[in-house]
Amino acid sequence: MKYDIIDLQIKRRLQDSRLESYVPDTQSIQVIEHLDDWSDRGPYMNTLSTTTTCRLMRDAERDHAAPSLGMVHVRDLVGFELDAHPGWTPAEEAKIAQAMMTSELDLFGTSSQPARLRPPRLKLRYRYVCEESGCPSHQGLNLDWELTALQNRHHGESLARLREIVEDRFVRMMFEERRLTSFFMGNFEAAIKRAKFSVLGTYYPPRGVASAVPLF
């Protein structure tokens with residue numbers, strides 16, 4: 001679950017030159033704690049160093065082994081686009097099926113066939129400015145699993161209503177003035193796409209929590 005603290009074993013994914021690429025041993029996962037409130041999450045999240053999308057892209061263009069992940073503060077949300085999702089590609093369907101089967105077998109000790117995951121009806125792309133001086137703005141496709149899960153929970157709604165639900169959560173709520181919103185950015189394994197970064201998740205605590213410095 002999101003904001004769980006877990007303990008697990010990982011191993012380096014040697015066929016991927018990105019230094020942050022590891023494979024989890026799902027059978028080793030142990031949930032240690034769940035962080036319910038922003039005040040519980042702040043002491044952990046405030047220790048993370050941040051970067052800019054400009055820097056991530058610039059470094060990846062120069063070196064394919066440059067950081068492939070980074071936390072980026074959003075200085076300004078310029079706009080967003082909600083378009084029809086084309087559905088899963090055959091490659092995506094194969095990865096999802098394998099991941100769901102592995103989770104079902106390893107985490108719950110059952111061999112039942114997991115239900116097929118519906119593709120979302122909408123895809124979300126942000127236009128935003130990072131904190132680098134002179135940032136020309138960036139486009140970031142939202143690949144957050146939370147976006148897919150939200151749409152699956154509301155699969156019976158009309159398309160117009162679904163748009164409202166997605167906008168309410170992923171635009172209006174996450175980018176309220178009282179929040180300091182950041183993206184978790186990541187790039188792609190294919191070398192030709194290393195300088196292209198997408199939004200893997202969003203962190204949007206109240207500004208007071210985000211700026212708090214842990215005492216211990």
Side-chain angles (χ1 to χ4, degrees), residues 2-3 13 15-24 45 48-100 117-132 135-152 162-163 165-167 169-175 179-205:
K2 198 170 186 178
Y3 298 115
R13 190 168 184 268
Q15 62 268 44
D16 190 335
S17 63
R18 294 176 296 177
L19 299 180
E20 299 90 350
S21 185
Y22 286 81
V23 178
M45 301 301 297
L48 295 179
S49 60
T50 60
T51 182
T52 66
T53 304
C54 287
R55 181 175 181 178
L56 286 169
M57 294 174 63
R58 185 169 58 244
D59 290 349
E61 287 174 349
R62 290 196 294 244
D63 181 5
H64 284 174
S68 61
L69 298 169
M71 183 177 180
V72 170
H73 291 322
V74 179
R75 188 170 74 200
D76 185 26
L77 180 65
V78 179
F80 68 97
E81 298 173 4
L82 269 175
D83 299 316
H85 192 286
W88 305 127
T89 65
E92 287 172 335
E93 284 194 338
K95 288 182 180 180
I96 291 168
Q98 180 61 40
M100 292 182 72
L117 182 70
R118 297 184 187 91
R121 284 186 283 168
L122 296 169
K123 61 180 181 179
L124 172 62
R125 190 181 303 274
Y126 294 113
R127 168 71 70 175
Y128 67 98
V129 177
C130 72
E131 288 196 320
E132 179 142 333
C135 172
S137 81
H138 306 282
Q139 283 194 23
L141 180 63
N142 188 313
L143 301 180
D144 189 349
W145 197 251
E146 185 180 344
L147 176 60
T148 299
L150 177 68
Q151 295 189 60
N152 271 277
L162 184 62
R163 288 182 64 94
I165 291 170
V166 172
E167 287 184 34
R169 180 163 186 82
F170 282 85
V171 180
R172 286 186 279 273
M173 187 270 283
M174 290 188 179
F175 289 90
R179 302 183 187 276
L180 179 61
T181 304
S182 303
F183 289 147
F184 298 109
M185 306 298 296
N187 65 4
F188 296 89
E189 180 178 352
I192 195 172
K193 296 181 179 180
R194 287 291 171 89
K196 298 182 183 297
F197 283 80
S198 298
V199 178
L200 306 183
T202 309
Y203 182 59
Y204 48 98

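Checked against salt bridge (charged side-chain N to carboxylate O under 4.0 Å, His left out), R179 has the following partners two or more places apart in sequence or in another chain: E176. Scored by the side chain to side chain contact (heavy atoms under 4.5 Å, CB included) test, T50 finds M71, H73 as partners (sequence neighbours excluded). Qualifying side chain to side chain contact (heavy atoms under 4.5 Å, CB included) partners for T89, counting only residues two or more places apart in sequence or in other chains: A91, E92. Considering only residues two or more places apart in sequence or on other chains, R169 meets the side-chain hydrogen bond (donor to acceptor under 3.5 Å, both in side chains) condition with E146, Y204. Listed by chain and residue number, T53 satisfy the side-chain hydrogen bond (donor to acceptor under 3.5 Å, both in side chains) test with Y128 (two or more places apart in sequence, or in another chain). When the salt bridge (charged side-chain N to carboxylate O under 4.0 Å, His left out) test is applied to E132, the partners found at least two apart in sequence or on another chain are R58. Partners of D59 under the salt bridge (charged side-chain N to carboxylate O under 4.0 Å, His left out) rule, at least two apart in sequence or in another chain, are R55, R62. With sequence neighbours left out, Y22 forms a side chain to side chain contact (heavy atoms under 4.5 Å, CB included) with I10, R12. Listed by chain and residue number, R13, R18, R194 satisfy the salt bridge (charged side-chain N to carboxylate O under 4.0 Å, His left out) test with D16 (two or more places apart in sequence, or in another chain). Listed by chain and number, the residues in a side-chain hydrogen bond (donor to acceptor under 3.5 Å, both in side chains) with S68 are E20 (sequence neighbours excluded). By the side-chain hydrogen bond (donor to acceptor under 3.5 Å, both in side chains) test, R172 pairs with E167, D168, sequence neighbours left out.
Atom CG of residue N187 and atom CG of residue L56 lie 8.0 Å apart, to the nearest 0.5 angstrom. One finds the OG atom of S198 at 9.0 Å from the NZ atom of K193 (value rounded to the nearest 0.5 Å). A distance of 11.5 Å separates CZ in F170 from CG in L122, rounded to the nearest 0.5 Å. To the nearest 0.5 angstrom, L69 atom CG is 10.5 Å from M185 atom CE. For the atom pair R127 CZ and Q139 CD, the distance stands at 4.0 Å (nearest 0.5 Å). The CG atom of N142 sits 7.5 Å away from atom CZ of F183, with the distance rounded to the nearest 0.5 Å.
Ring-centre distance between F80 and F175: not below the 6.0 Å cut-off.
The minimum heavy-atom distance between F197 and A60, with the atom names listed, is CE1-CB, 4.1 Å. For the pair F184 and T202, the tightest heavy-atom approach, listed with the atom from each and the gap, is CD1-N, 4.1 Å. Closest heavy-atom contact between D144 and G201: OD2-CA, 3.7 Å. The shortest heavy-atom contact between Q151 and P120 is NE2-CB, 3.3 Å. Considering every non-hydrogen atom in both C130 and C135, the closest pair reads N-SG, 3.5 Å.
With a 4.5 Å cut-off on side-chain heavy atoms, D83 and R125 do not count as touching. Between T181 and L77, the closest side-chain pair of non-hydrogen atoms is not below 4.5 Å. Residues L143 and V199 have side chains not in contact (no heavy-atom distance under 4.5 Å, counting atoms from C-beta outward). Contact of the P119 side chain with the P86 side chain is not registered, since no non-hydrogen atoms from C-beta on lie closer than 4.5 Å. Taking 4.5 Å as the limit, some side-chain heavy atom of H138 sits within range of a side-chain heavy atom of M57.
Every pair tested for salt bridge (charged side-chain N to carboxylate O under 4.0 Å, His left out) that includes a residue from residues 69-80 fails, sequence neighbours excluded, so the list is empty.
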* Pair V166-L147, side-chain contact (heavy atoms from CB on, under 4.5 Å): steps then yes or no -> CA-CA 8 Å; V166 172; L147 176 60; 3.8 Å; yes
